Novice: 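Please find one structure pasted underneath; my questions will follow.
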Protein chains: 2
Amino acid sequence: MTDIAEQHTAAHRFDADIATERAETDPAANRWSAEIRPGWRSIGGAPNGGYLLSLALAAAGRTLPGQEPFTATAHFLRPAELGRADLDVDVVRTGRVKSTLEVRLSQAGKERVRVLTTMGARPPAAGAAQSLAAAAAAAPAIPRPDRCPSAPPGIAGPDADLAERFEYRIAGESRWLRGTTGEQARLEGWIRFADGREPDLAALPLFADAFPPSVYEVVELALVPTLELTVHPRRRPAPGWIQVRFETRLVADGMLEEDGMLWDSKGDLVAMSRQLALLVPLG
Amino acid sequence: MTDIAEQHTAAHRFDADIATERAETDPAANRWSAEIRPGWRSIGGAPNGGYLLSLALAAAGRTLPGQEPFTATAHFLRPAELGRADLDVDVVRTGRVKSTLEVRLSQAGKERVRVLTTMGARPPAAGAAQSLAAAAAAAPAIPRPDRCPSAPPGIAGPDADLAERFEYRIAGESRWLRGTTGEQARLEGWIRFADGREPDLAALPLFADAFPPSVYEVVELALVPTLELTVHPRRRPAPGWIQVRFETRLVADGMLEEDGMLWDSKGDLVAMSRQLALLVPLG
């Protein structure tokens with residue numbers, strides 16, 4: 001009990017809300033408990049997929065201390081709910097360079113999210129990255145955050161309280177500034193925690209899913225439930241704002257992809273994400 | 001035994017080599033057997049990751065007939081080998097629109113690959129796709145296959161017999177034509193089966209991993225073992241050549257990503273892929 005209590009006193013909401021404690025079951029089993037609290041809900045009121053992925057990875061990290069995710073994929077089976085969640089971690093394979101773990105997030109005995117992740121020991125600081133194609137990995141030139149408008153209230157949609165956890169800045173053309181949809185399903189801007197917590201590897205999966213879907217730039221009313229989200233946290237981010245670009249290129253057979261690229265305040269690419277979602281038109 | 005025998009007589013190697021038969025164990029268990037044969041080996045001599053993913057998805061498809069993958073992620077735990085493989089399929093969740101399955105590919109009692117996939121019933125023909133950002137999803141303009149040089153023999157590297165299964169065409173600048181590395185880790189061209197088999201959803205994961213790594217465009221000697229490969233088969237491809245673009249944008253902390261985009265002969269985007277791999281320099 002002590003460790004979850006300690007984590008509860010964490011100065012920042014995100015750290016408190018991905019805290020886990022070892023479940024009082026077979027001590028050989030890697031079962032962790034967590035409490036899904038208000039404050040991370042997306043459109044429709046269900047807890048955000050990026051938050052659930054961060055929570056699952058926190059349980060994986062407690063199972064293999066010192067290991068941090070290289071790549072993580074979540075398949076969303078059923079909506080999660082507020083309240084207690086159980087996280088069962090299977091260590092699939094451990095190795096010198098990398099280890100693979102599976103996490104099953106369940107509530108009331110029903111699995112909600114299944115995660116596969118390959119983790120390893122990361123260098124303590126971001127090393128000199130070898131940028132093979134500097135132009136392709138470089139942050140696009142957009143106005144600095146203090147020159148971009150804040151996102152309007154309610155950007156995250158009805159029933160979504162997620163947006164209160166962040167400060168958002170929107171760069172360039174956007175429905176959220178213009179009020180009408182446009183022609184390109186791309187959203188660019190900046191994000192940081194509203195309570196001053198700095199970005200780190202643990203927060204990158206959350207940031208990768210914290211903007212409204214970029215398809216809302218071109219589609220007036222739709223639900224966009226995520227089937228699968230994969231995040232590659234690539235480097236430790238520097239403190240400060242995270243610059244983002246989210247883009248959807250194709251809707252086919254009722255599904256769309258959304259690619260995300262995240263850069264830190266130094267302009268270094270720190271994460272890449274891709275999700276596949278259903279597009280369910282409304283109205 | 002009959003069904004694997006029938007599949008063995010398949011006219012095309014790929015179909016024969018992703019054939020599975022129900023293992024003679026508990027009939028309630030979804031355990032399938034397959035034979036990993038020569039002809040699908042990548043650099044270093046291990047069976048290709050895209051082939052193993054296609055094989056795992058074949059077992060998933062036999063477990064839930066009529067369902068085809070929307071998204072599939074493979075984590076590579078240990079190299080696979082030639083010979084018998086066991087494929088254990090867990091149906092994680094079935095639903096009206098989508099079902100999620102896990103496949104564990106093992107040999108000699110050791111798990112080699114773990115796959116998570118979300119599948120569903122696909123429209124029988126590619127519908128009119130809603131291309132939200134036509135420019136972003138459109139096939140780049142490259143010369144038609146008959147105007148591109150064939151890839152040189154040995155393009156797939158030492159010990160790799162995979163390249164014999166395909167015809168490759170290389171478009172534009174490439175180390176494989178020039179003989180020396182360049183500045184951009186991007187490879188464009190065309191691919192089709194050497195034995196005339198037409199592309200379909202089942203072959204897209206294989207095509208997504210059948211070119212040499214695009215990082216070889218800029219790095220002279222290196223091993224590039226895949227940690228994780230995710231493929232989104234987006235639409236049924238039309239018959240004919242598949243146009244490809246593979247690109248690596250960043251090497252950081254000893255790892256690189258490779259993104260793939262695949263278009264069919266009509267120029268429609270049919271699959272997107274992303275993998276995370278280690279970069280192990282040699283020499």
Side-chain angles (χ1 to χ4, degrees), chain A residues 70-71 73 75-78 92-93 95 97-98 100 102 104 111 114-118 120 122-123 126-127 129-133 135-137 183-186 215 217-219 227-228 230 232 234-236 247-257 259 261 268-270 272 274 276 278-279, chain B residues 70-71 73 75-78 92-93 95 97-98 100 102 104 111 114-118 120 122-123 126-127 129-133 135-137 183-186 215 217-219 227-228 230 232 234-236 247-257 259 261 268-270 272 274 276 278-279:
Chain A
F70 296 156
T71 170
T73 291
H75 285 244
F76 299 95
L77 312 171
R78 299 176 177 86
V92 176
R93 160 92 161 130
V97 171
K98 64 180 176 89
T100 299
E102 177 170 291
R104 298 182 299 278
E111 188 175 349
R114 182 166 296 199
V115 171
L116 264 184
T117 181
T118 290
R122 286 269 191 186
Q130 189 182 346
S131 203
L132 288 180
E183 303 215 325
Q184 194 172 29
R186 177 189 286 180
V215 75
E217 292 292 319
V218 297
V219 169
L227 302 178
E228 173 257 321
T230 294
H232 292 177
R234 299 297 303 274
R235 280 189 273 187
R236 290 188 200 284
E247 186 168 18
T248 290
R249 287 176 280 192
L250 181 71
V251 178
D253 291 357
M255 286 173 280
L256 57 83
E257 95 291 352
D259 278 11
M261 295 185 78
D268 286 335
L269 183 62
V270 293
M272 300 173 81
R274 177 173 288 167
L276 188 75
L278 296 173
L279 181 68
Chain B
F70 296 157
T71 170
T73 292
H75 286 244
F76 298 95
L77 312 171
R78 300 174 177 85
V92 177
R93 159 94 162 129
V97 171
K98 63 179 175 91
T100 299
E102 177 171 289
R104 298 182 299 277
E111 189 175 348
R114 183 168 295 202
V115 171
L116 264 183
T117 181
T118 291
R122 288 266 191 188
Q130 189 181 347
S131 204
L132 287 179
E183 303 215 324
Q184 194 173 29
R186 177 189 285 180
V215 75
E217 291 291 320
V218 298
V219 169
L227 302 178
E228 172 257 321
T230 295
H232 294 177
R234 299 298 301 275
R235 279 189 273 186
R236 290 189 199 285
E247 185 168 17
T248 290
R249 287 177 280 192
L250 180 72
V251 178
D253 292 357
M255 286 173 280
L256 58 84
E257 96 290 350
D259 278 10
M261 294 183 79
D268 286 335
L269 183 63
V270 293
M272 300 174 80
R274 177 172 288 165
L276 188 74
L278 296 173
L279 181 68

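Order of the sequence lines sets the chain letters (A, B, ...), proteins ahead of strands, with each chain counted from 1. All values reported here derive from a predicted model rather than from experimental measurement.
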Novice: Hey, what do you get for NZ (B:K98) to CZ (A:F76), rounding to the nearest 0.5 Å?
Specialist: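 With rounding to 0.5 Å, NZ (B:K98) is 9.5 Å from CZ (A:F76).
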Novice: Report the option among A:R186, A:R104, A:R122, A:E102 that has the most heavy-atom pairs separated by less than 4.5 Å from atoms of chain B.
Specialist: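 Of A:R186, A:R104, A:R122, A:E102, A:E102 has the most heavy-atom pairs under 4.5 Å with chain B.
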Novice: In terms of heavy-atom proximity below 4.5 Å to chain B, should A:D268 be classed as side chain, backbone, both, or neither?
Specialist: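 Looking at A:D268, nothing touches chain B.
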Novice: Quick one: which of B:T71, B:T117, B:T230 gives a side-chain hydrogen bond (donor to acceptor under 3.5 Å, both in side chains) with A:E228?
Specialist: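 The residue from B:T71, B:T117, B:T230 that satisfies side-chain hydrogen bond (donor to acceptor under 3.5 Å, both in side chains) with A:E228 turns out to be B:T71.
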Novice: At a heavy-atom separation under 4.5 Å, does B:E257 approach chain A through its side chain, its backbone, both, or neither?
Specialist: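 It is both, since atoms from each part get that close.
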Novice: Who among A:L269, A:V92, A:L227, A:L278 has the most heavy-atom pairs with chain B under 4.5 Å?
Specialist: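 Top count of heavy-atom pairs under 4.5 Å with chain B: A:V92.
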Novice: By side-chain hydrogen bond (donor to acceptor under 3.5 Å, both in side chains), which residues pair with B:R93, not counting sequence neighbours?
Specialist: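 Scan of B:R93 (side-chain hydrogen bond (donor to acceptor under 3.5 Å, both in side chains), adjacent residues dropped) gives none.
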Novice: Roughly how far apart are B:D253 CG and A:R235 CZ, rounded to 0.5 Å?
Specialist: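 The distance works out to 8.0 Å.
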Novice: Would you mind reporting whether A:M272 and B:R249 have side-chain heavy atoms less than 4.5 Å apart?
Specialist: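 Sidechains of A:M272 and B:R249: in contact.
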Novice: Kindly give the heavy-atom pair with the smallest separation between B:L276 and A:H232, and that separation in Å.
Specialist: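 In this case the closest contact between B:L276 and A:H232 is CB-CE1, 3.6 Å.
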Novice: For the interface with chain A, which of B:T73, B:V97, B:D259 has the highest count of heavy-atom pairs at distances below 4.5 Å?
Specialist: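 Of B:T73, B:V97, B:D259, B:T73 has the most heavy-atom pairs under 4.5 Å with chain A.
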Novice: Please enumerate all residues that pass side-chain hydrogen bond (donor to acceptor under 3.5 Å, both in side chains) together with B:T100, with sequence neighbours excluded.
Specialist: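 With neighbours one apart ignored, the set is B:T118.
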